[in-house]
Amino acid sequence: MPPADARAVHYARQDLLFGAMERLEAKDTQLAAFETLKRQIKDLDVANLSALLHAAGSRTSRTGQFFKIHALRLAALCTTALACLQWRAMLQPPLLGKLLSLLGAALRDGDSAVRAAAAECCRVVAAQLAAVGLATGDMSNPLLACLLEALAEPSGLVQAAAATALAQTAEHLQPLQPALLRQLLQALNNPSFLGRPELWQALAWLDGGRLRGLAASSWHLVLDLMPEVLGSAADGTGLLGALSGRGKDFQLRAAAAHTIKALAAGVGPSCPAGWDAAAAALKAAKTDVSKPVRDAATSALPLVACVQQFSAGGLPLEQWPAMCSGILAAELRNGVRELNRGKPGPRDGGEAGELHIRAVHLHQPERDQMHQQFMMQGSMPAATAPASLADAAHVLSAAHQQESAVHPTLVPVAPVLAQPCLPRAQHASGTQLAVLLEQQARLAADFANFAAATQHQLQQLGHALASTNAAVAQLSAAGGRIMCVPEAHLPAAALLGTQTGQQRPRAAPRLSSLHRTYHALEQDLHSQQRQQQQQPPGPAAVQVPGQLGLSNDQMGR
């Protein structure tokens with residue numbers, strides 16, 4: 001393509017881009033403009049991508065929540081291969097710096113929805129950086145540096161948003177440097193740091209039985225620092241200190257209980273120290289004044305007790321993922337049953353059947369091999385089934401009898417592993433069927449009412465047409481002149497037999513335009529009458545619906 005034609009295409013696309021961005025700010029054209037922009041970014045060049053990032057970061061008096069959120073989503077889409085041909089340029093300077101500046105400003109926005117959208121866009125950008133090998137665990141990763149900079153802000157809202165973004169991007173990061181993880185632990189032990197609940201979730205959380213967060217991407221480092229992570233209730237440090245605190249910080253205590261559960265599933269017996277104190281803290285949290293804290297402690301306590309019994313039973317560490325999957329599957333089934341009965345159950349989310357727990361290995365070389373496999377595949381290794389379900393159940397039963405006075409009762413492991421976890425769709429109840437039948441009957445009644453109203457309107461239209469034909473015949477017999485007016489120009493009230501001020505029928509969506517046309521026609525008629533008054537008298541004229549404008553003399557010929 002010649003340079004002149006290339007410049008013409010560039011400026012034409014830029015004009016279309018700016019026009020669509022302006023429509024993105026208007027409420028009437030926002031959705032259509034967003035769909036148009038998604039198609040336009042496919043063929044944008046580097047210069048126009050830079051213009052898009054500049055326009056997404058600009059703020060005017062009309063800039064609202066919709067524009068901010070969808071501008072962020074467009075910027076994140078530009079980093080994907082399916083949405084933009086120049087996606088690699090978006091992950092390199094100078095476009096990457098502009099993109100991270102846009103995300104950093106969104107994390108500091110006063111709107112919570114904008115901050116949540118920025119965290120989700122950080123996840124997309126982190127996945128793309130990992131695809132090109134730039135998702136390192138040190139400060140050379142520009143996205144990680146941007147999030148750590150936001151974590152250092154004094155505002156609690158900004159800290160919480162940055163911690164949420166870190167939780168979203170953690171699975172795409174390479175293992176963190178030990179110094180960075182220690183800095184995060186220091187922030188978690190700092191009472192003045194207001195984003196501690198979200199930052200604990202960034203450390204470890206469960207998604208349908210799958211370990212997420214920094215504990216998944218930096219598993220070895222978290223395992224080595226488990227004593228500091230668990231901390232002490234007496235000293236007020238770590239997870240136990242956060243869980244044992246008192247006051248109005250209920251969200252922090254609930255987040256600590258959820259993190260303990262996630263670490264018990266992901267780390268488990270490979271770190272045997274500290275779980276006795278964790279079980280005691282969870283038992284104390286079951287009497288908390290906050291119901292979310294009590295529910296979180298109740299959900300985490302069986303899994304922590306299972307870790308204790310597993311260590312006491314002397315089972316090999318390779319069998320822990322399968323047994324942990326059984327505990328989570330039983331909890332998931334119990335939650336489904338409670339939901340079918342109309343009662344909410346404590347669950348960590350995820351669909352049934354998606355239970356993947358990180359395999360635990362005894363020796364360090366085997367753990368290194370597992371970590372390399374995880375980093376290459378990008379997913380958790382599948383749980384290894386025990387050699388004998390009966391032996392596993394026997395060992396757990398013996399451990400339960402020895403420590404029944406200390407630990408709560410657990411679900412038997414053998415029945416849990418033997419029965420598959422059914423999806424929620426197979427638990428349809430009679431109540432749900434009755435609701436569906438009621439909705440079907442209501443829809444049938446609405447359709448019958450609509451049909452009856454439509455039939456009544458058709459009858460009124462027939463009466464109006466008959467009266468119009470009678471008026472035509474009467475005027476023709478009287479010798480008057482007939483002028484044609486299209487039926488669409490008649491007043492809508494006369495067509496439908498309704499009065500002014502009544503509710504507009506559903507079958508006539510164009511009544512407003514018909515009214516406007518009729519008023520314009522009345523003005524034309526008044527002007528014609530004034531002109532006729534100034535002319536010599538002639539045959540009378542009247543406007544009736546028809547197809548031709550003929551006088552009686554012409555009709556008689």
Side-chain angles (χ1 to χ4, degrees), residues 53-54 56-60 63-76 79 96-127 129 135 137-173 176-177 179-205 212-214 217 242 245 247-256 258-259:
L53 294 176
H54 177 75
S58 61
R59 298 291 183 267
T60 63
T63 303
Q65 181 190 93
F66 186 94
F67 178 86
K68 295 178 182 178
I69 293 176
H70 288 76
L72 288 173
R73 292 176 178 174
L74 286 172
T79 62
L96 181 59
K98 294 184 178 181
L99 176 61
L100 294 180
S101 299
L102 178 64
L103 293 177
L107 290 174
R108 296 167 175 81
D109 195 272
D111 195 333
S112 59
V114 177
R115 296 195 300 269
E120 180 65 22
C121 292
C122 287
R123 182 189 63 82
V124 177
V125 175
L129 288 174
D138 51 19
M139 296 301 292
S140 63
N141 185 347
L143 178 60
L144 181 59
C146 177
L147 296 180
L148 293 179
E149 181 182 356
L151 283 174
E153 292 285 337
S155 173
L157 297 178
V158 178
Q159 293 173 0
T164 302
L166 183 61
Q168 296 286 336
T169 60
E171 61 180 316
H172 302 293
L173 297 176
L176 288 181
Q177 285 184 347
L180 292 180
L181 187 56
R182 291 183 184 277
Q183 289 180 5
L184 294 178
L185 292 178
Q186 291 177 1
L188 289 170
N189 292 327
N190 186 4
S192 62
F193 185 78
L194 303 179
R196 286 186 293 170
E198 292 78 10
L199 192 55
W200 277 124
Q201 184 183 12
L203 181 65
W205 56 288
R212 301 286 192 184
L214 296 174
S217 58
K248 296 183 179 180
D249 202 350
F250 310 125
Q251 186 180 3
L252 175 61
R253 296 199 292 273
H258 286 304
T259 305

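- The two atoms that bring V124 and A76 nearest to each other are CG1-O, 3.9 Å, heavy atoms only.
- How far SG of C121 is from CD of Q168: 10.5 Å, rounded to the nearest 0.5 Å.
- Closest heavy-atom contact between G245 and R253: O-CD, 3.1 Å.
- Exactly one of L173, T169, L166, L148 qualifies for a side chain to side chain contact (heavy atoms under 4.5 Å, CB included) with L143. That residue is T169.
- In this structure a side-chain-to-backbone donor-acceptor pair under 3.5 Å is present from S217 to A170.
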Next on the checklist: Run Q186 and N189 through side-chain contact (heavy atoms from CB on, under 4.5 Å) and show every step you take.
Outcome noted: CA-CA 5 Å; Q186 291 177 1; N189 292 327; 5.9 Å; no
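- When the side chain to side chain donor-acceptor pair (under 3.5 Å) test is applied to E149, no partner is found at least two apart in sequence or on another chain.
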Item to check | Steps toward salt bridge (Lys or Arg N to Asp or Glu O under 4.0 Å) verdict (K68, D111) | outcome: CA-CA 10 Å; K68 295 178 182 178; D111 195 333; over 6 Å; no
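- Under the ring-ring contact (aromatic ring centres under 6.0 Å, His included) criterion, H70 pairs with F34, F66, not counting sequence neighbours.
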Side chains of residues 154-161: which donor-acceptor partners sit under 3.5 Å, not counting sequence neighbours?
unit_1: S155; atom_1: OG; unit_2: L157; atom_2: N; d: 3.4
unit_1: Q159; atom_1: OE1; unit_2: L194; atom_2: N; d: 2.8
unit_1: Q159; atom_1: OE1; unit_2: G195; atom_2: N; d: 3.3
unit_1: Q159; atom_1: NE2; unit_2: E153; atom_2: O; d: 2.6

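- Heavy atoms of other residues, nucleotides or ligands lying less than 6.0 angstrom from CD of Q251 number 12 at most.
- At a threshold of 4.5 Å between non-hydrogen side-chain atoms, the residues L184 and L203 do not count as touching.
- Here the straight-line distance linking atom CG of L100 with atom SG of C122 works out to 8.0 Å at 0.5 Å rounding.
- Within the model, atoms CD of Q183 and CG of L188 stand 12.0 Å from one another, a figure rounded to the nearest 0.5 Å.
- Checked by atom type and distance alone, the side chain of D109 never pairs as donor or acceptor with a backbone atom of A105 at under 3.5 Å.
- Partners of S140 by side chain to side chain donor-acceptor pair (under 3.5 Å), not counting sequence neighbours, listed by chain and number: T136, D138.
- Atom CG of residue L107 and atom CG of residue L103 lie 6.5 Å apart, to the nearest 0.5 angstrom.
- The two atoms that bring A106 and R115 nearest to each other are O-CG, 3.6 Å, heavy atoms only.
- Rounding to the nearest 0.5 Å places OG of S58 at 11.0 Å from CG of L53.
- With hydrogens and angles disregarded, a donor-acceptor distance shorter than 3.5 Å links the side chain of T259 to the backbone of W200.
- Taking R123 as the reference, E120 meet the side chain to side chain donor-acceptor pair (under 3.5 Å) condition, with sequence neighbours excluded.
- Residues passing the side chain to side chain donor-acceptor pair (under 3.5 Å) test with R196: none are found, sequence neighbours excluded.
- A pairwise comparison of heavy atoms in A117 and I69 identifies CB-CG2, 3.8 Å as the closest pair.
- Between L151 and A163, the shortest heavy-atom distance links the atoms CD2-N, 3.7 Å.
- Going from atom CG of L72 over to atom CZ of F67 covers 9.5 Å, rounded to the nearest 0.5 Å.
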